[in-house]
Amino acid sequence: MHRLDLLVVGSANADLVIGVERRPAAGETVLGSDLAVHPGGKGANQAAAAARLGARTALLARVGDDAHGRLLRDAQQAVGADTTGLLHGGPSPTGVALITVDAAGDNSIVVSPGANNRLTPDDVAHAEPLFDAAAVVSLQLEIPLDTVAAAVRAATAAGSRVVLNPSPPAALPDDVLAVCDPLVVNEHEARRLLGDDAPEGMDGGPEVWARALSARGPRSVVVTLGAEGALVWDGEAVTVPSPEVAAVDTTGAGDAFTGALGWRLGLGDTLVEAVGYAVRVGAAAVTKAGAQESYPGPGEVAELTAQEGAGR
Ligand code: ADP
């Protein structure tokens, strides 16, 4: 019996968001809306999504000794995540994402990784008790790759299942890829990772991408498809549709999906069962503005499930 369903190892950022009529050209200044500051970063988002659903979750991440770091810690604690692995005290500020949203709703984002770049393999070694406690360890690539590799090895040594979302896309060592169960990618990440390897050019479609990604070594692959749901590849392809919802803001939907997926796998769901739950969590997350603020509790997910049953 594991003490934690899910350990998320990854990034924690403050999202600094300003609305603008249009984004400035080089050398230009434009006036925007009031600044809004939200907890974000793929790691913190995944942990918040899982904890909000009731998962016993911990986050291993690094923030600075500043107000943004405190905001991130408070947000994790508010949803009941274990923050003993939320490290601070280094020289770097908390990571930030500077986000401008224009009148058409399009984002331009500059990320300053800050303390995320200082999450080290040593930090992973010191966090061994968290790895030992966790049924599933979930990772993304907004922290140094050698730290990701160390965390994957620590998870494997502890007998934990590894879920990895290669975002932002980067080449992964074979031994890291080999234990991903699943590798979780959206369409954009699938295309970027496959590059010239896509067997039918870029137009093969999700099943072809999943099969090609699977040939790189992961134990299983999940391709998320936005409103279409997700495709699971586990030796054969299974399409899992998403419930139909009125989408308001898709920010952080993929993180909610992956956090929920990791949790359900930790509870012992099969991959297809876990994806069936995660598509509902992703769908619920797009019905509200923001990332962590939009994440559903178990009641909202159950409601979506009931509505879907009634609609059939
Ligand atoms: P990302 O946010 O990484 O780009 P996706 O857009 O594929 O990832 O979304 C992740 C999951 O969120 C999907 O698998 C789906 O369950 C849900 N989702 C996203 N957009 C919608 C939508 N418009 N309607 C319903 N569900 C959605």
Side-chain angles (χ1 to χ4, degrees), residues 8 10-11 13 15 38 40-50 52-53 97 99 101 105-107 109 111 138-142 163-170 180 182-194 205-207 209-210 213 220-233 237-265 269 271-296 298 300-305 307-308 311:
V8 180
S11 58
N13 288 330
D15 289 346
H38 302 284
K42 287 180 181 297
N45 285 352
Q46 286 190 7
R52 178 95 178 77
L53 291 164
I99 305 173
V101 186
D106 289 324
N107 290 338
I109 307 179
V111 173
S138 183
L139 304 114
Q140 330 76 39
L141 304 184
E142 291 185 330
V163 174
L164 189 144
N165 170 221
S167 177
C180 295
L183 182 77
V184 183
V185 291
N186 65 17
E187 221 178 300
H188 162 76
E189 290 148 8
R191 286 167 184 267
R192 281 285 304 278
L193 282 183
L194 285 170
E207 184 174 338
W209 303 333
L213 284 170
S220 56
V221 177
V222 172
V223 184
T224 65
L225 303 167
E228 302 297 311
L231 180 124
V232 179
W233 178 267
V238 178
T239 305
V240 181
S242 191
E244 258 181 57
V245 294
V248 171
D249 178 3
T250 61
T251 311
D255 301 334
F257 175 99
T258 307
L261 174 68
W263 171 49
R264 298 302 303 200
L265 290 173
D269 276 8
L271 184 56
V272 171
E273 286 166 350
V275 169
Y277 191 88
V279 290
R280 292 182 171 80
V281 174
V286 305
T287 62
K288 291 188 209 147
Q292 292 182 24
E293 294 92 336
S294 73
Y295 291 168
E300 289 159 80
V301 181
E303 253 170 54
L304 257 187
T305 310
Q307 278 167 19
E308 232 196 336

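Order of listing sets the numbers, starting from 1, for every ligand and every atom in it. Remember, predicted model here, so these are calculated numbers, not experimental data.
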Exercise. If you draw the axis of the six-membered ring of Y295, does the NZ or CZ of R52 fall within 45° of it and under 6.0 Å from the ring centre?
Worked result: no

Seminar exercise, completed: Residue pairs passing the salt bridge (Lys or Arg N to Asp or Glu O under 4.0 Å) test with at least one member in residues 238-251, sequence neighbours excluded, are none

Exercise. Which residue, S138, C180, S220, forms the side chain to side chain contact (heavy atoms under 4.5 Å, CB included) with V163?
Worked result: S138

About how many Å separate [atom2] of [Y] and [atom1] of [X], when rounded to the nearest 0.5 Å?
X: L53; Y: Y277; atom1: CG; atom2: OH; value: 4.5 Å
X: N13; Y: I99; atom1: CG; atom2: CD1; value: 9.0 Å
X: T258; Y: N45; atom1: OG1; atom2: CG; value: 10.5 Å
X: E300; Y: K288; atom1: CD; atom2: NZ; value: 3.5 Å

Nearest non-hydrogen protein atom, [atom]:
atom: atom 14 (O) of ligand 1; value: G229 O, 2.9 Å
atom: atom 15 (C) of ligand 1; value: G226 O, 3.2 Å
atom: atom 8 (O) of ligand 1; value: T224 OG1, 3.5 Å
atom: atom 26 (N) of ligand 1; value: S242 OG, 3.0 Å
atom: atom 1 (P) of ligand 1; value: N186 ND2, 3.7 Å
atom: atom 17 (C) of ligand 1; value: G282 C, 3.5 Å

Taking 4.0 angstrom as the limit and counting only heavy atoms of [X], give me the atoms of ligand 1 inside it, by number and element.
X: A283; value: 17 (C), 25 (C), 26 (N)
X: P243; value: 25 (C)
X: V279; value: 16 (O)
X: V245; value: 24 (N), 25 (C)
X: A247; value: 23 (N)
X: G254; value: 1 (P), 2 (O), 3 (O), 8 (O), 10 (C)

Exercise. Who are the side chain to side chain contact (heavy atoms under 4.5 Å, CB included) partners of A44, not counting sequence neighbours?
Worked result: A12, L59, L72, Q76, Q292

For this session: Would you mind telling me if ligand 1 is within reach of the side chain of L225, the backbone, both or neither, using heavy atoms under 4.0 Å?
Result: backbone

Exercise. At a non-hydrogen distance cut-off of under 4.0 Å, which region of A256 contacts ligand 1 (side chain, backbone, both, or neither)?
Worked result: neither

Exercise. Donor-acceptor pair, Q46 side chain versus G43 backbone, under 3.5 Å?
Worked result: no

Problem set entry | Heavy atom of G252, distance to ligand 1 below 4.0 Å | no

Exercise. Has E293 got more than 12 heavy atoms of other residues, nucleotides or ligands less than 6.0 Å from its CD?
Worked result: yes

